[in-house]
*Asks:* 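Sharing a structure, written as structure tokens. Questions coming.
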2 protein chains.
Amino acid sequence: MDSSIFQHLHQAACEQVCSHCNLREICLPLGLNRAELERIDKRLVAVRRRVTRGETLFRRGERFRSLFAVWMGFFKTCVPASDGRDQVTGFQMAGELIGMDGIGHGVHQAQAVALENSQVCVIPFDELETLSREIPSLQAQFHKAMSREIVRKERVMLLLGSRNADERLAAFLLNLSHRLRARGFSGSSVVLRMTREEIGSFLGLSLETVSRTFSKFQADGLLTVRTRQIRLTDTEGLQRVVDGLPA
Amino acid sequence: MDSSIFQHLHQAACEQVCSHCNLREICLPLGLNRAELERIDKRLVAVRRRVTRGETLFRRGERFRSLFAVWMGFFKTCVPASDGRDQVTGFQMAGELIGMDGIGHGVHQAQAVALENSQVCVIPFDELETLSREIPSLQAQFHKAMSREIVRKERVMLLLGSRNADERLAAFLLNLSHRLRARGFSGSSVVLRMTREEIGSFLGLSLETVSRTFSKFQADGLLTVRTRQIRLTDTEGLQRVVDGLPA
DNA sequence: CGCGAACTTGAGGCGTGTCAACCCCTGTGG
DNA sequence: CCACAGGGGTTGACACGCCTCAAGTTCGCG
């Protein structure tokens with residue numbers, strides 16, 4: 001176990017100031033000028049919190065107090081389905097917000113679990129509302145973030161409502177790839193942070209179907225699979241699958 | 001055609017002031033005190049707009065400027081699916097907001113169509129942001145509205161991802177019933193404003209499956225159907241269907 | 001009253017879930 | 001160092017729920 005001194009040093013080292021964070025262009029403070037950034041430093045983000053792999057960030061039913069911005073790592077959000085098991089409602093990576101489901105009733109409607117060792121910036125919600133009354137560009141950015149979340153959910157609805165297994169998985173992989181590319185990663189080499197079962201739960205498919213579809217895509221030369229290590233070799237082909245066109 | 005004088009009188013009669021609107025307890029101004037209500041009168045809602053049955057409120061790709069609150073009537077929102085036909089993403093009734101999908105990119109991502117003769121309150125978005133910087137309770141209410149929209153979409157995702165046709169349609173009917181009851185209607189007598197095809201599109205089912213499931217529910221004594229006129233005779237039984245329990 | 005749209009019902013086929021067996025990898029303990 | 005256990009992943013066989021196609025009926029509007 002680390003000594004408390006070491007812990008303190010570390011806290012100081014990765015101090016939570018948005019103005020120097022390299023995620024500021026894809027996170028909530030996007031579009032703020034320098035003065036505004038410095039104004040929210042130390043106010044928007046109270047603390048940064050570590051969440052180890054498998055640990056729960058918040059549970060369904062817990063009182064909602066803060067939003068969380070993923071600073072590093074990877075999360076899933078899920079809600080209990082009728083049969084007792086969890087259904088995954090989304091995956092979040094660096095720069096993405098978690099917890100917006102809790103605003104409506106002051107209680108978290110979902111559970112968030114880290115899929116790898118992660119860190120999140122804790123954004124007390126009352127402070128966010130106060131600051132966004134003072135800083136219009138922060139207000140605008142927050143509203144855009146919520147709106148985009150609505151559009152994302154809507155897209156998944158479409159996926160689940162009218163696409164077959166191939167189309168769903170292809171869309172899922174391309175979406176992951178785009179988000180990784182936007183964060184400076186290659187996009188063609190994807191390391192899955194989640195199990196086949198979690199992918200299936202998110203896409204409304206059984207884990208066997210997910211596995212079979214991976215194998216099929218590999219046989220069709222669209223990608224190569226080695227368990228969690230995926231290499232997308234033909235993204236245009238995957239896009240054709242999404243569009244429902246013949247291979 | 002009405003004379004212009006009559007039209008003017010009518011406009012004056014149903015003047016768009018939130019403080020006297022009988023929907024204020026289920027619409028955006030919920031939770032505002034009298035002073036705040038009077039402060040937003042004439043500012044939050046610029047005009048009220050009539051939309052006749054079948055008419056489009058806004059189209060996908062149109063510039064986003066305003067949110068719309070349904071004042072009376074019934075709407076569907078939909079987005080073009082890959083095969084050219086539309087996929088329905090939601091149904092909206094009195095007191096519900098339409099257009100939040102457009103905030104994120106300044107462009108409407110969906111299309112909204114009236115399913116009966118309707119009227120909507122036009123809420124210019126820049127004015128809403130200005131007012132919600134001045135009136136914290138309005139800000140809070142708007143944030144809650146967006147959050148609840150996210151949760152609603154999430155629930156539909158679950159429905160589409162892990163429930164069969166019976167469970168989907170039962171959940172849909174109970175949801176409609178709850179929303180009608182919250183607006184002072186009976187809740188057990190439901191007049192569907194949409195076709196079987198639109199229900200199916202929303203629930204990820206074919207119109208034939210929707211029709212068959214209605215017939216099945218009727219045979220099971222859960223409701224009686226006469227095309228668009230539905231009478232829910234056993235809501236507890238429908239709830240058991242939703243929960244996946246045996247009939 | 002007549003036409004087209006909406007709805008119902010049936011027959012058949014396909015995609016995906018379920019069940020089951022097996023493999024691979026990793027970590028653990030003897 | 002090996003044996004073992006357990007979780008994750010792959011693959012096959014089979015069943016079944018829902019889609020598709022098709023025919024016929026009812027409804028609603030001009």
Side-chain angles (χ1 to χ4, degrees), chain A residues 53-54 76 81-83 85-88 113 115-116 159-170 172-173 190-220 223-230 241 244 247, chain B residues 52-54 76 81-83 85-88 113 115-117 159-170 172 190-220 223-230 241 244 246-247:
Chain A
R53 182 192 157 111
K76 69 170 176 181
S82 54
D83 59 353
R85 291 188 313 186
D86 281 352
Q87 164 127 1
V88 175
V113 178
L115 294 182
E116 59 179 339
L159 214 58
L160 301 187
S162 60
R163 307 309 190 83
N164 66 24
D166 291 6
E167 294 164 347
R168 293 184 204 182
L169 188 63
F172 172 73
L173 290 173
V190 178
V191 178
L192 299 178
R193 254 62 246 212
M194 71 296 280
T195 68
R196 302 288 191 263
E197 183 169 22
E198 286 161 340
I199 297 174
S201 172
F202 178 63
L203 294 178
L205 300 169
S206 68
L207 68 93
E208 293 94 332
T209 298
V210 173
S211 180
R212 267 186 262 268
T213 308
F214 268 126
S215 301
K216 183 181 165 191
F217 282 172
Q218 180 162 252
D220 293 347
L223 47 74
T224 55
V225 195
R226 255 188 28 198
T227 53
R228 303 279 182 105
Q229 179 65 246
I230 311 289
V241 172
Chain B
T52 61
R53 181 192 159 111
K76 69 171 177 181
S82 55
D83 58 354
R85 290 189 314 188
D86 281 353
Q87 164 126 2
V88 175
V113 178
L115 295 182
E116 59 179 340
N117 293 336
L159 213 58
L160 300 187
S162 59
R163 307 308 190 82
N164 65 24
D166 292 6
E167 294 164 347
R168 291 184 205 182
L169 187 62
F172 172 74
V190 178
V191 177
L192 299 178
R193 256 58 247 215
M194 71 296 278
T195 67
R196 302 289 192 263
E197 182 169 22
E198 285 161 341
I199 297 174
S201 173
F202 179 63
L203 294 177
L205 300 170
S206 69
L207 68 95
E208 294 95 332
T209 298
V210 173
S211 179
R212 268 186 260 268
T213 308
F214 269 125
S215 301
K216 182 180 165 190
F217 283 171
Q218 179 162 252
D220 293 348
L223 48 75
T224 55
V225 195
R226 255 189 30 197
T227 53
R228 303 280 181 103
Q229 179 65 247
I230 311 289
V241 172

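Because the structure is predicted, anything quoted here is derived from the model rather than measured. The analysis underlying the following values was restricted to heavy atoms, covering all of them including side chains, and did not include hydrogens, waters or symmetry mates. Order of the sequence lines sets the chain letters (A, B, ...), proteins ahead of strands, with each chain counted from 1.
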*Asks:* On the nucleotide dG15(C), are OP1 or OP2 found under 4.0 Å from the side-chain N or O atoms that Arg212(A) carries?
*Replies:* no
*Asks:* Ile230(B) has an atom CD1; how far is it from atom C1' of dA6(C), in whole Å?
*Replies:* 14 Å
*Asks:* Of Arg196(A) and Asp166(B), whose nearest nucleotide on DNA chain D comes first from the 5' end?
*Replies:* Arg196(A)
*Asks:* Does the side chain of Ser206(A) get closer than 4.0 angstrom to OP1 or OP2 of dT16(C) through an N or O atom?
*Replies:* no
*Asks:* Using modelled atom types and a 3.5 Å cut-off, is there a donor and acceptor pairing between side-chain atoms of Ser201(B) and backbone atoms of Glu197(B)?
*Replies:* no
*Asks:* Quick one: does Arg193(A)'s side chain have a donor or acceptor within less than 3.5 Å of a partner on Glu116(A)'s backbone?
*Replies:* no
*Asks:* Does any N or O in the side chain of Asn117(B) come within less than 3.5 Å of the main-chain N or O of Arg53(B), such that one atom is a donor and the other an acceptor?
*Replies:* yes
*Asks:* Dot-bracket for DNA chain D, 5' to 3', counting Watson-Crick or G-U wobble pairs under 3.5 Å, with [ ] for crossing pairs and | for inter-strand pairs?
*Replies:* ||||||||||||||||||||||||||||||
*Asks:* Quick one: Arg163(A) CZ to dG15(C) P, roughly how many Å, whole number?
*Replies:* 16 Å
*Asks:* Starting from P on dT16(C), measure out to CG on Leu160(A) and report it in whole angstrom.
*Replies:* 13 Å
*Asks:* Any base atoms under 4.0 Å from Leu207(B), or only sugar-phosphate, or nothing? Heavy atoms, all strands.
*Replies:* base
*Asks:* Rounded off to whole Å, could you give me the CG-to-C1' distance for the Leu205(A) and dT18(C) pair?
*Replies:* 14 Å
*Asks:* When the distance from CD of Gln229(B) to C1' of dC7(C) is rounded to whole Å, what number comes out?
*Replies:* 16 Å
*Asks:* Counting any heavy atom closer than 4.0 Å, what does Gly200(A) reach on the DNA or RNA strands: base, sugar-phosphate only, or nothing?
*Replies:* nothing
*Asks:* Could you walk me through whether Phe214(A) and Ile199(A) pass side chain to side chain contact (heavy atoms under 4.5 Å, CB included), step by step?
*Replies:* CA-CA 11 Å; Phe214(A) 268 126; Ile199(A) 297 174; 4.2 Å; yes
*Asks:* Using every non-hydrogen atom in the two residues, find where Ala170(A) and Val241(A) come nearest and quote the distance to one decimal.
*Replies:* CB-CG1, 3.8 Å
*Asks:* Think Arg226(B) has a side-chain N or O under 4.0 angstrom from the OP1 or OP2 of dC27(D)?
*Replies:* no
*Asks:* Val190(A) versus Leu173(A): any side-chain heavy-atom pair under 4.5 Å?
*Replies:* no
*Asks:* When you measure from the side chain of Glu167(B) to the backbone N and O of Asn164(B), does any donor-acceptor pair fall under 3.5 Å?
*Replies:* yes
*Asks:* How close or far is atom P of dT16(C) from atom CG of Asn164(B), stated in whole angstroms?
*Replies:* 17 Å
*Asks:* OP1 or OP2 of dG8(D) sitting under 4.0 Å from any side-chain N/O of Thr195(A)?
*Replies:* no
*Asks:* Quick one: is dG8(D) close enough that its OP1 or OP2 comes under 4.0 Å of any side-chain N or O from Thr227(A)?
*Replies:* no
*Asks:* With distance as the sole test, does Arg168(A) use its side chain to make a donor-acceptor pair with the main-chain N or O of Leu203(A) at under 3.5 Å?
*Replies:* yes
*Asks:* At less than 4.0 Å, is any side-chain N or O atom of Ser215(A) found next to OP1 or OP2 of dT11(D)? Yes or no.
*Replies:* yes
*Asks:* Could you tell me how far apart Arg193(B) (CZ) and dA6(C) (C1') are, to the nearest whole angstrom?
*Replies:* 16 Å
*Asks:* Between atom CD in Gln218(B) and atom C1' in dC7(C), what is the gap in whole Å?
*Replies:* 13 Å
*Asks:* Answer yes or no: side-chain N or O of Glu208(B) and base N or O of dC18(D) forming a donor-acceptor pair under 3.5 Å.
*Replies:* no
